[in-house]
Amino acid sequence: MTQAPRRSSLTVAGMFVVLFVLLGMAPAQARMPASSLDNTRCLGCHDSKKSKIDVSGKDGERRALSHVDLRKFGKGVHAEMQCVACHTNITDNQARHQKNPAVKPPDCVSCHESLWEAVKQQGKAQEKERLGVVVKNIEDYKRSFHARPDEDNPDKAKASCEECHGSHDFNVPPKGTGRRTAWHKEIPDTCGAKCHEDQLESYAASVHGEEVLDKNNMKGAVCTDCHSAHQVINTSSEKFKLGNVNTCGDCHKEALKSYSDTYHGQVNRLGGAYTAKCADCHDSHGIRAADDPKSKVHPKNRMKTCTKCHSDKKPGMHDATPGFASFGPHANTHDLKKYPEMYIASKFMIALLIGVFAFFWLHSALWYYREWQDRKASKPHHRVDTKGLQLDEKQQHFRRFHAGWRIMHLLFALVTMTLVLSGTTALFAQSFWAPTAATLLGGPKMLGLIHRIAAALFIAIFMIHFVYVMQKLLRSKTFRWFGPDSLVPNWKDLADCVGMFKWFFGKGPKPMFERWAYYEKFDYWAVFWGVNVIGWSGLMLAFPHITAQYLPGWVFNVGTLVHGEEAFLAAVFLFTVHFFNNHFRPDKLPPPDVVMFTGSQSLGEFRHDHPAHYQRMVDSGELQKYLVDAPSPQMRKGSVILGLTLIAIGLVLLVLVITGFLDG
């Protein structure tokens, strides 16, 4: 009776021992090391078809763990990788994974950087160059706006790789495939649905959104086309504002070219972000067609758009006036129907440029050839009857220019060169040297100020000279407007010009010039032409609110064209033809001719350059009145240094102008 209970107790105890062992073995068998986990085991729980898994989120809140779409994962770039290759902090296969606190959670950045370093060490960088592209994108991302700490959660970045790419299904389909079109079309939603809802709404109603979302046009712009994928920067930064113009121009090349020819575009090319850019006029995300009543550039809305910048409320600005609405920010010179004024003005300026340069460059080339041939043949100069005067043609000088003319000439030269540098820097803002020149001069705003001050000085010097000359001539009782001392062209000038071409070809003697040769008169009167054409067009552009009060907006387009083309003509003529006539002819070598700095020239030079004037002075007995001593050695040396300096500056400016023209 007493044995049965004991055996029963042992049996029960044995069963408990066996059960305990079995229960102990079960978890030991389930805790498989992470290294033995393959994707099949992981996806057994994390497949999107499975029930959702809740985990602890921020502040203890529960959240659903992201599941993996097996179909998309199989097509992604990571399809051949094992889950634990990224999730290295997982230590077991438990439902609530134990994680190694010493190992960082999955990190796209460190993973790809380590992978690239390993590839380089293996010498396979060229074979797997795509990995290097990814690392380059990572570096761009680190400097981007997205990498900055989030304001609401400073421990996180504003946007991470996972939020844009989706590491489990990321894939960029091949170009030209239907999947590529679908992927391209999803970009606006990727950016907008989570973070930029307002921008997405505006974009969807825009011409860009219509092309992409409605018409499946791959050429339509999406977020990454304008903001880039990895180099996303703050849209309020100057870097973005300046660069975004080029981004628009990648698609709208013709519009970019015409924009660059305007004042707005020139400042932009020189590094100034304060003038109107594409988004300022067309909007950024809500861009609409120009004929859309809701478009910011629709005729009914243009004045409102212009007054965003051109307003009395902004320092240095004035309210836009009626002519602003008809200004053509994208006017060109080849569309006669749309921009007839620009077309006609362009053809006139081209004809003027070709005509002037063709005539005077040919004139210079032939002159050089004939003068060089005469020097080689030692042909004598014109013989002048000196009436028995005892003259030392080397030591005695003829006073050709008094101090006032010389000072004016020097000031004109300095101011003109300043105008050429500052003006052509803006005119050829797209050239390689213009942004550097603008920076050295203090930036676009300072460049404009320098140009305007130089222009005011130029006009002031011109007016002083004009008033001085006119009052002197009007008071003279002996001056003849078409006489030999006058700068007014006459019939002799035409005869001398024809005679020069005969001499060029060996068909006659060189003409005997009077006080002013025909080419000197052209130089003189060219200033009058230039002051009026460049000056008036410059004034219209400098005070647009006044101009547009009385004139239509197309005058700004024509004014900009004429102002720049005439300035180009003046600069190139000055530093080629004028320099040749006065400094680089064989009879003037070596340069410079310093008569405009010393005021006098030797009698030999005077007789050679202006024999008719020389003879008239001898015949009238007035030559002695103009004879002066030769300049002192110090005066001549200083004049030579000054002359060579101005010539060197002029030639440097010529190179800049020509390269700027060719870059255009």
Within this structure, what is the OG1-CG distance for the pair T425 and L421, rounded to the nearest 0.5 Å? 4.5 Å

Is the NZ atom of K128 crowded by more than 12 outside heavy atoms at less than 6.0 Å? no

Residue set satisfying side chain to side chain donor-acceptor pair (under 3.5 Å) with K185, at least two apart, ordered chain then number -> N216

Under the salt bridge (charged side-chain N to carboxylate O under 4.0 Å, His left out) criterion, do K257 and E254 qualify, and how do the steps go? CA-CA 5 Å; K257 186 178 185 304; E254 187 64 27; over 6 Å; no

Donor-acceptor under 3.5 Å (R302 side chain, A325 main chain): yes

For the OG atom of S144 and the NE2 atom of H230, what is their distance to the nearest 0.5 Å? 9.0 Å

Donor-acceptor pair, distance only, cut-off 3.5 Å: does the side chain of R269 make one with the backbone of G265? no

Can you tell me if N171 uses its side chain to pair, donor with acceptor, with the backbone of K75 under 3.5 Å? yes

Is it true that a side-chain atom of N557 and a backbone atom of G328 form a donor plus acceptor pair closer than 3.5 Å? yes

Would you check, one step at a time, whether the test salt bridge (charged side-chain N to carboxylate O under 4.0 Å, His left out) holds for K120 with E117? CA-CA 5 Å; K120 288 194 295 183; E117 286 300 320; 3.2 Å; yes

Taking C-beta and beyond as the side chain, do Y263 and T560 meet within less than 4.5 Å on heavy atoms? no

Can you tell if the side chain of F428 reaches within under 4.5 Å of the side chain of F661, non-hydrogen atoms only? yes

Report yes if the side chains of H87 and P106 come closer than 4.5 Å at any heavy-atom pair, otherwise no. yes

Any donor-acceptor pair under 3.5 Å from K277 side chain to A273 backbone: yes

Quick one about D107 and S110 (side-chain donor to acceptor, distance below 3.5 Å, no hydrogens or angles considered), yes or no? yes

Does D319 offer a backbone N or O that forms a donor-acceptor pair with the side chain of D312 under 3.5 Å? yes

Given side chains that start at C-beta, do those of N244 and C226 come closer than 4.5 Å, heavy atoms only? yes

Would T275 and H264 count as having a side-chain donor-acceptor pair, cut-off 3.5 Å? no

Roughly how far apart are S228 OG and D140 CG, rounded to 0.5 Å? 7.5 Å

Rounded to the nearest 0.5 Å, what separation is found between the NE2 atom of H318 and the OG atom of S311? 11.0 Å

Quick one: are F73 and D169 in side-chain contact, heavy atoms under 4.5 Å? no

Quick note, side chain to side chain donor-acceptor pair (under 3.5 Å) partners involving residues 324-333, not counting sequence neighbours, are S258-H330

Go through the steps for H285 and S202 under the test side-chain hydrogen bond (donor to acceptor under 3.5 Å, both in side chains), then give the verdict. CA-CA 6 Å; H285 299 95; S202 298; over 6 Å; no

Can you give the donor-acceptor pairs under 3.5 Å from side chains of residues 187-201 to other protein atoms, not counting sequence neighbours?
{"from": "T190", "atom 1": "OG1", "to": "E186", "atom 2": "O", "distance (Å)": "3.0"}
{"from": "K194", "atom 1": "NZ", "to": "E163", "atom 2": "O", "distance (Å)": "3.4"}

Using a 4.5 Å cut-off on heavy atoms from C-beta on, say whether the side chain of V222 contacts that of H184. yes

Derivation of the ring-ring contact (aromatic ring centres under 6.0 Å, His included) call for F170 and H78: CA-CA 8 Å; F170 175 64; H78 296 143; 7.3 Å; no

So if I apply the side chain to side chain contact (heavy atoms under 4.5 Å, CB included) rule between N268 and each of T262, V245, N246, which one comes out positive? V245

Kindly indicate whether the side chain of L654, heavy atoms from C-beta on, has any atom under 4.5 Å from the side chain of I658. yes

